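This is a predicted model, so every value here is computed, not measured.
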Amino acid sequence: MMKRLNISGIYVLDQDEALDFYVGKLGLEVDTDLDLGFMRWLTVCVPGDPDHKILLERPGPPAMSEETAEQVREMVSKGAAGGHLFFAVDDAHATYAELRTRGVELTEEPTEQAYGIDFGLRDPFGNHVRVAQLKQG
């Protein structure tokens, strides 16, 4: 049986730009950056949490035909590809302020929720990212 989720993925249109955003602005670190010839395998993770990787995948062969990849890339550019990530932080307000200074597109201010304080942002490709300071217990 399955033991755990190791890698989840989101579509990005440009992997170098994705690296700049996820590593340079959000503070994640590169786990794997490998040219497989037919594709670039690029994963990042939260520092100190290498067991939960995010695959930053450019839609294309061999996972899908070039025709389908073109349609998916168009959906990604419209922010309709359905990519979502949810990160936990110790201080949502401080993280929000830090990301603002780094020029991240913040879509929602920190707000009290039943589960903690969270806010939203968007990556350069339209993927929705939530950041939360979760309640303890």
Sequence-distant partners of Asp51, side-chain hydrogen bond (donor to acceptor under 3.5 Å, both in side chains), two or more places apart: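 Residues passing side-chain hydrogen bond (donor to acceptor under 3.5 Å, both in side chains) with Asp51: none at all.
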Answer yes or no: does atom [atom1] of [X] have more than 12 heavy-atom neighbours from other residues, nucleotides or ligands under 6.0 Å?
X	atom1	result
Met75	CE	no
Gln71	CD	yes
Glu67	CD	no

Can you name the closest pair of heavy atoms from [X] and [Y] and give their distance?
X	Y	result
Ala63	Glu57	CB-OE2, 4.0 Å
Pro47	Leu28	CD-CA, 4.1 Å
Val12	Pro59	O-CD, 3.4 Å
Tyr96	Glu109	OH-CG, 3.4 Å
Arg102	Gly27	NH1-N, 4.0 Å

According to a 4.5 Å side-chain heavy-atom criterion applied to Ile, Leu, Val, Met, Phe, Trp and Tyr, with indirect links allowed, do [X] and [Y] form part of one hydrophobic cluster?
X	Y	result
Val23	Tyr11	yes
Leu55	Val46	no
Leu36	Ile7	yes
Ile10	Val30	yes
Ile117	Val89	no

Gap between atom [atom2] of [Y] and atom [atom1] of [X] - 0.5 Å precision:
X	Y	atom1	atom2	answer
Thr43	Asp33	OG1	CG	8.5 Å
Leu34	Met39	CG	CE	9.5 Å
Arg73	Phe125	CZ	CZ	13.0 Å
Glu17	Asp123	CD	CG	8.5 Å
Thr32	Leu56	OG1	CG	11.0 Å

Under the side chain to side chain contact (heavy atoms under 4.5 Å, CB included) test, which residues partner Thr111, sequence neighbours left out?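 Expected list: Gln113.
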Supply the members, apart from Leu134, of the Ile/Leu/Val/Met/Phe/Trp/Tyr cluster built from side-chain contacts under 4.5 Å; use none for a lone residue.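 Direct or chained contacts put Leu134 with Phe86, Tyr115.
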Before giving the answer on side chain to side chain contact (heavy atoms under 4.5 Å, CB included), spell out for Arg130 and Phe87 the whole-Å C-alpha distance, their side-chain angles and the decisive distance to 0.1 Å. CA-CA 6 Å; Arg130 296 213 65 83; Phe87 294 102; over 6 Å; no
Give me each pair satisfying ring-ring contact (aromatic ring centres under 6.0 Å, His included) with a member in residues 12-57, each pair once, sequence neighbours excluded.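 Those involving residues 12-57 do not exist here.
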A side-chain contact here means heavy atoms from C-beta on lying under 4.5 Å apart; do [X] and [Y] qualify?
X	Y	answer
Thr107	Phe119	no
Leu121	Val131	yes
Cys45	Ile54	no
Asn6	Lys53	yes

Would you confirm whether Thr95, through its side chain, and Asp91, through its main-chain N or O, come within 3.5 Å as a donor-acceptor pair?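 Yes; at least one donor-acceptor contact below 3.5 Å.
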Do Gln133 side-chain atoms and Ala92 backbone N/O form a donor-acceptor pair below 3.5 Å?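 Between the backbone of Ala92 and the side chain of Gln133 there is a qualifying donor-acceptor contact (under 3.5 Å).
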Salt-bridge test for Arg40 and Asp35: reply yes if a basic N is under 4.0 Å from a carboxylate O, no otherwise.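 So Arg40 does not pair with Asp35 through a salt bridge.
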Salt bridge (charged side-chain N to carboxylate O under 4.0 Å, His left out) against Arg122, all qualifying residues, sequence neighbours excluded: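 If we apply the salt bridge (charged side-chain N to carboxylate O under 4.0 Å, His left out) test to Arg122, skipping adjacent residues, the hits are Glu105.
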Among residues at least two apart in sequence or on other chains, which ones pass salt bridge (charged side-chain N to carboxylate O under 4.0 Å, His left out) with Glu29?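 Applying salt bridge (charged side-chain N to carboxylate O under 4.0 Å, His left out) to Glu29 gives none.
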Are Leu106 and Arg100 close enough, and set up right, to give a side chain to side chain contact (heavy atoms under 4.5 Å, CB included), and what steps lead you there? CA-CA 7 Å; Leu106 300 162; Arg100 173 177 270 176; 3.7 Å; yes
